[in-house]
Amino acid sequence: MQKEIVVSGIRSTGFLHLGNYFGAMRNYVRMQEDYECYFFVADYHSLTTHPDPKDLRNNVYRVLAENIACGLDHTKVALYAQSDVPEIPELYLMMNMLAYKGELEKVPTFKEKVRQHPDNVNAGLLTYPVLMAADILVHRAVKVPVGKDQEQHLEMARNFAQRFNHRYQVELFPEPHAFNFGAGGAKIMSLDGNGKMSKSENANATIYLNDDDDTIRKKIMKAKTDSGPEAPGSEMPDYIANLFQLMQLVSREDVYNDFLGHFNNCTIRYGDFKKQLAEDMVQFINPIRTKALELTNDPARLQKILREGAQKARESASRTLTEARKAIGLHYY
Ligand code: TYM
């Protein structure tokens, strides 16, 4: 039976963190056995902020290394850099003709970037969701493992797919949907309780996959808590729920259930809870950090993986582009 097609990408803009792991990479690793998977480093997307070329290159290597360190096997999936697949910008150009300024200006992530960086509102930022749609549609993917913050972009990808099919009277693009093994999509909050964990904001409240053991301990011990639940069955504040979510990710099930029981009957001591979470987090991140470091010290190996990944991705992408050109009428001989 034909396997379902899966695509996802991570921007090469900074250090990867638990949000990236929980929202995306953990799902990649679980999907690699049963799906035809295309996972890439979104280096073109990171150009919206004009990174220094040397930093960009190192970031691409690091994102790749961290993905492999988390358990991705490049012999099972296509692992590549977005800029190594020229069919992606070609499809992006075609899709740009079907994307309207008004709808792009309404995208919340665009409005947020305009607010943060009013001096750098470039066209690449405006058409960011079109490039993302091209990343996905170029392989005709149906499942896209991403965190909750990307769901609006997925909706736009579905619109562009439908619009293309409708305009050219073809059934070329299936509708892609966000996917997460956890119910309701993943969102890891920042440890200070303000917004989501992110690559560029509040580094002290974000746990990176390359944080050393002591840094992890310090960050978790400083995580926001309060004086504890006052009555049995109290609702959990979202910053506490976030810590429980992290514990569910890295601790043994009986440990998690134990602390949850203590929360529910109001006997929880947040100091002990965070100490346990910190130790389990150290055990979880330490092997990833060590493996990623080993890989970044071996660029020849990473280059080989990128080259092979690009080849696999281009085989699939070029089949789609042949069909897309034909549908539009761009074929002359
Ligand atoms: P990026 O690089 O910001 O994030 C990579 C992945 O990590 C998820 N994520 C989170 N999940 C839960 N909690 C958080 N705090 C958190 N922070 C980040 C993101 O949802 C994402 O899955 N536009 C994308 C990159 C991209 C892409 C694509 C993804 C480009 N083309 C095509 C899928 C398909 C982005 O900026 O992700």
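One-based numbering, in listed order, for ligands and for the atoms of each.
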What side-chain donor-acceptor pairs closer than 3.5 Å can you find for residues 9-16, not counting sequence neighbours?
from	atom 1	to	atom 2	distance (Å)
Arg11	NE	Tyr128	OH	3.4
Ser12	OG	Ser46	OG	3.3

Indicate, as side chain, backbone, both or neither, the part of Tyr44 found under 4.0 angstrom from ligand 1 when only non-hydrogen atoms are considered.
neither

Going by the order shown, which atoms of ligand 1 are within less than 4.0 Å of some heavy atom of Lys196?
15 (N)

In ligand 1, which numbered atoms sit nearer than 4.0 Å to a non-hydrogen atom of Lys187?
12 (C), 13 (N)

Those atoms of ligand 1 less than 4.0 Å from some heavy atom in Tyr128:
23 (N), 24 (C), 35 (C), 36 (O)

Can you sort out which atoms of ligand 1 are near His45, meaning under 4.0 Å from one of its heavy atoms?
30 (C), 31 (N)

Considering only heavy atoms, which of Leu18, Val138, Asn20, Asp43 lies nearest to atom 18 (C) of ligand 1?
Asn20

Note the single closest protein heavy atom to atom 10 (C) of ligand 1, along with its residue, its atom name and the distance in Å.
Gly19 O, 3.3 Å

Taking only heavy atoms of Val144 into account, list the atoms of ligand 1 that are under 4.0 Å away from them.
33 (C), 34 (C)

So, does Ala186 sit close enough to ligand 1 that a heavy atom of it is under 4.0 Å from the ligand?
yes

Atom 13 (N) of ligand 1: closest protein heavy atom, distance to 0.1 Å, is Ile188 N, 2.8 Å

Which of the ligand 1 atoms, numbered from 1, are nearer than 4.0 Å to a heavy atom of His17:
17 (N)

Just which atoms of ligand 1 are under 4.0 Å from any heavy atom in Asp135?
28 (C), 30 (C), 31 (N), 32 (C)

Nearest heavy atom to atom 34 (C) of ligand 1, choosing from Ile136, Thr13, Asp149, belongs to Ile136

At less than 4.0 angstrom from any non-hydrogen atom of Val146, what atoms of ligand 1 do you find?
20 (O), 22 (O), 29 (C), 33 (C)

